[in-house]
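One structure below.
Numbering of ligands and ligand atoms starts at 1, following listing order. Residues take their numbers from the sequence shown, with the count starting at 1.
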Amino acid sequence: MLADIHANLTALEAVLRDLESRGGVDEIWCLGDVVGYGPDPRQCISLVQQYCSCCIAGNHDWAAAGLMDTSGFNQAAAAAAQWTRRQLNSSETGYLAGLPQTLERDKFTLAHGSPRYPLWEYILSLREARANFPFFHTPFCLIGHSHIPLFFRMEGNPGSQEGSSDTDDTGVFQQELYAGCQIDLGERRAIINPGGVGQPRDNDPRASYGLIDSGAGTFTLLRLSYDIPDVQARMAAAGLPGRLIERLAYGW
Ligand code: ZN
């Protein structure tokens, strides 16, 4: 699945090519924020429409569609959102405005930020993860929004991972996900963030995305290098804020 493409066509094309070279996948799910920050909103919407079997709304999609004002955004994000809105035609904004806030697919609930507050909440800690387990009914929930690959699992018995500082006393376990790391989904409920395709924020600038093997019951985190200077040049030509251009090279 793909999250937080953020109008980065070069990263998205690299990921689609990688999936193809792995022999293709049955379905590609998009977890929102197709646009915002990056220089290629129209091309990214078109590829998502073409390749993704489903897509949910992110806060930047709503901002570009005019469904949300940008007062909650920082200055650079707001400037990029306004620039994005000016690039899109009415059918593109209509597509973004029509994206659902959450979806269920097989054993998975899809929500951009969190199942509790799909457009806004970040799940970055055990506390936020624990609060969100009651808000979805499938075994697993896939999220984006933070652009940080993370895994949270409800352990059966609180304290069952005794000695692990990553499990809290109500039995929620947290793990950061690195390139190539594979999780056995198992029977226990989990919340998974595959990181961001177009603007990773875990200090690894490579595009981040996830692969689910439903037969084997596994989730694998993948990272892929792409031509970052090429994207940065298009952002500069578009007059997008310098801070957004620089951060791509650092992955934050
Ligand atoms: Zn995002």
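No donor-acceptor contact under 3.5 angstrom links the side chains of S53 and R105, judged on distance only. Between D33 and Q199, the side chains place no donor N or O within less than 3.5 Å of an acceptor N or O (distance only, hydrogens not considered).
Annotation for Q75: atom CD does not count as buried by contact number, only 12 or fewer foreign heavy atoms lying within 6.0 Å. Around atom OH of Y51, no more than 12 heavy atoms belonging to other residues, nucleotides or ligands sit under 6.0 Å away.
Looking only at protein N/O/S atoms, the ones less than 2.8 Å from the Zn ion (ligand 1) make 4 in total.
No donor-acceptor distance shorter than 3.5 angstrom exists from the side chain of T220 to the backbone of Q182, with no hydrogens or angles considered.
Relative ring orientation between H6 and H147 is described as tilted, the plane-to-plane angle lying within the 30° to 60° band.
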